[in-house]
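Shown next, in structure tokens, is the structure this report addresses.
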Amino acid sequence: ETGVTQSPTHLIKTRGQQVTLRCSSQSGHNTVSWYQQALGQGPQFIFQYYREEENGRGNFPPRFSGLQFPNYSSELNVNALELDDSALYLCASSSGSGGGYETQYFGPGTRLLVL
Amino acid sequence: AQSVTQLDSQVPVFEEAPVELRCNYSSSVSVYLFWYVQYPNQGLQLLLKYLSGSTLVKGINGFEAEFNKSQTSFHLRKPSVHISDTAEYFCAVSDEKGGADGLTFGKGTHLIIQP
């Protein structure tokens, strides 16, 4: 059974640029969530996708957007990068429809540095 | 809205000693509670979770936690720690709305095991 994978592992961008991060869900999982973890902080919920539709969103501006594909893989897009976007971005998948009781399985993350 | 407070940012403990990592939450509805561990440069791994029923929950690697509704706490304990337990530990909460709010994490507790 393949776990959650993310690419790339590290990324350096400059302020104002756009970035796309990718995630492959664990086999059999159809819900994916994205989190931002700033240095020394706990992860913060960005949004969740179930069956290719966004079904929940945290307190992040619209320049953070996402997609989920028919094979349940997912992308996180961030436009107009700001210095504060520097963080570890975590993808998590679960096997249900996104209920709060579901266990979320996390990938290793993509570390983004914005200069 | 939910919130999680992890009362200690760092907990130093000698090897083979017991440890307790404290977590308090606030929510206006019934919650589900989770403890995750994050080893350096890795994603999050689930240690244990409370959904309902018995308030004492046992997890992996010898960890357990007790849900206390009156004190809105979910403290994590281990009777004897090992060097390999050195990591960051996160308490998280969700509710029946699930995807709409995602998981809300505390800021984490760094467990430092001293030989």
Side-chain angles (χ1 to χ4, degrees), chain A residues 3-7 9-10 23-26 29-51 53-60 64 66 68 87-111, chain B residues 1-10 21 23-25 27-53 57 59-60 67 76 87-110:
Chain A
V4 179
T5 59
Q6 293 185 242
S7 63
T9 54
H10 295 81
C23 170
S24 290
S25 302
Q26 186 164 315
H29 287 187
N30 51 18
T31 297
V32 66
S33 302
W34 286 90
Y35 293 82
Q36 180 195 65
Q37 186 179 15
L39 203 59
Q41 302 294 316
Q44 279 196 291
F45 175 64
I46 303 175
F47 44 57
Q48 183 180 90
Y49 278 81
Y50 171 64
R51 290 186 176 177
E53 301 234 343
E54 184 182 294
N55 72 341
R57 188 176 185 94
N59 189 26
F60 280 81
F64 285 78
Q68 187 182 29
L88 180 68
Y89 288 85
L90 295 164
C91 171
S93 70
S94 60
S95 59
S97 57
Y101 54 86
E102 293 171 17
T103 295
Q104 295 189 30
Y105 295 85
F106 284 81
T110 293
R111 190 164 295 282
Chain B
Q2 304 151 341
S3 66
V4 175
T5 302
Q6 291 186 242
L7 297 160
D8 306 294
S9 59
Q10 274 193 145
L21 306 183
C23 171
N24 286 87
Y25 69 92
S27 175
S28 57
V29 298
S30 296
V31 296
Y32 308 113
L33 293 155
F34 304 80
W35 274 100
Y36 282 86
V37 60
Q38 186 175 36
Y39 298 103
N41 300 314
Q42 293 188 28
L44 280 70
Q45 179 184 6
L46 180 71
L47 281 175
L48 48 79
K49 62 183 178 182
Y50 171 79
L51 302 182
S52 65
V57 180
I60 63 171
F67 170 59
L76 181 71
E88 195 79 20
Y89 291 79
F90 292 96
C91 181
V93 63
S94 68
D95 63 28
E96 62 267 20
K97 288 192 292 179
D101 293 336
L103 285 168
T104 300
F105 285 86
K107 291 187 175 183
T109 297
H110 189 195

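In what follows, chains are A, B, ... by sequence order, proteins preceding strands, each numbered from 1.
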For [X], is it the side chain, the backbone, both, or neither that has a heavy atom closer than 4.5 Å to a heavy atom of chain A?
{"X": "B:Y50", "value": "neither"}
{"X": "B:Q38", "value": "side chain"}
{"X": "B:Y32", "value": "side chain"}
{"X": "B:L44", "value": "both"}
{"X": "B:K49", "value": "side chain"}

- Message: Can you confirm whether more than 12 heavy atoms, excluding those of A:L39, are under 6.0 Å from its CG atom?
- Response: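 No.
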
- Give, for atom CG of B:L51 and atom OG1 of A:T103, the distance between the pair rounded to the nearest 0.5 Å.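 B:L51 atom CG to A:T103 atom OG1 measures 7.0 Å (nearest 0.5 Å).
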
- How many angstroms lie between atom CD of A:Q104 and atom CZ of B:F34, to the nearest 0.5 angstrom?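 The CZ atom of B:F34 is 7.5 Å from CD of A:Q104, to the nearest 0.5 Å.
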
- Answer yes or no: is there a side-chain heavy-atom contact under 4.5 Å between A:Y35 and B:L103?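 With C-beta onward as the side chain, the pair touches.
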
- Enumerate by number any residue of residues 3-10 of chain B whose heavy atoms lie under 4.5 Å from heavy atoms of chain A; in the absence of such residues, state 'none'.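 Not one residue of residues 3-10 of chain B has a heavy atom under 4.5 Å from chain A.
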
- Message: Counting only non-hydrogen atoms closer than 4.5 Å, does A:I46 touch chain B with its backbone (N, CA, C, O), its side chain (CB onward), both, or neither?
- Response: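 Neither the backbone nor the side chain of A:I46 comes within 4.5 Å of chain B.
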
- Task: Measure A:S33 against the heavy atoms of chain B and call it side chain, backbone, both or neither at under 4.5 Å.
- Result: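 Nothing of A:S33, per the 4.5 Å heavy-atom cut-off to chain B.
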
- Any side-chain hydrogen bond (donor to acceptor under 3.5 Å, both in side chains) pairs touching residues 87-96 of chain A, not counting sequence neighbours?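 Checked against side-chain hydrogen bond (donor to acceptor under 3.5 Å, both in side chains) - neighbours excluded - the pairs reaching residues 87-96 of chain A are A:H29-A:S93, A:Q36-A:Y89, A:S94-A:E102.
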
- What are the two closest non-hydrogen atoms of B:S94 and A:Y101, and how far apart are they?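 Answer, listing the atom of B:S94 first, then A:Y101: OG-N, 4.4 Å.
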
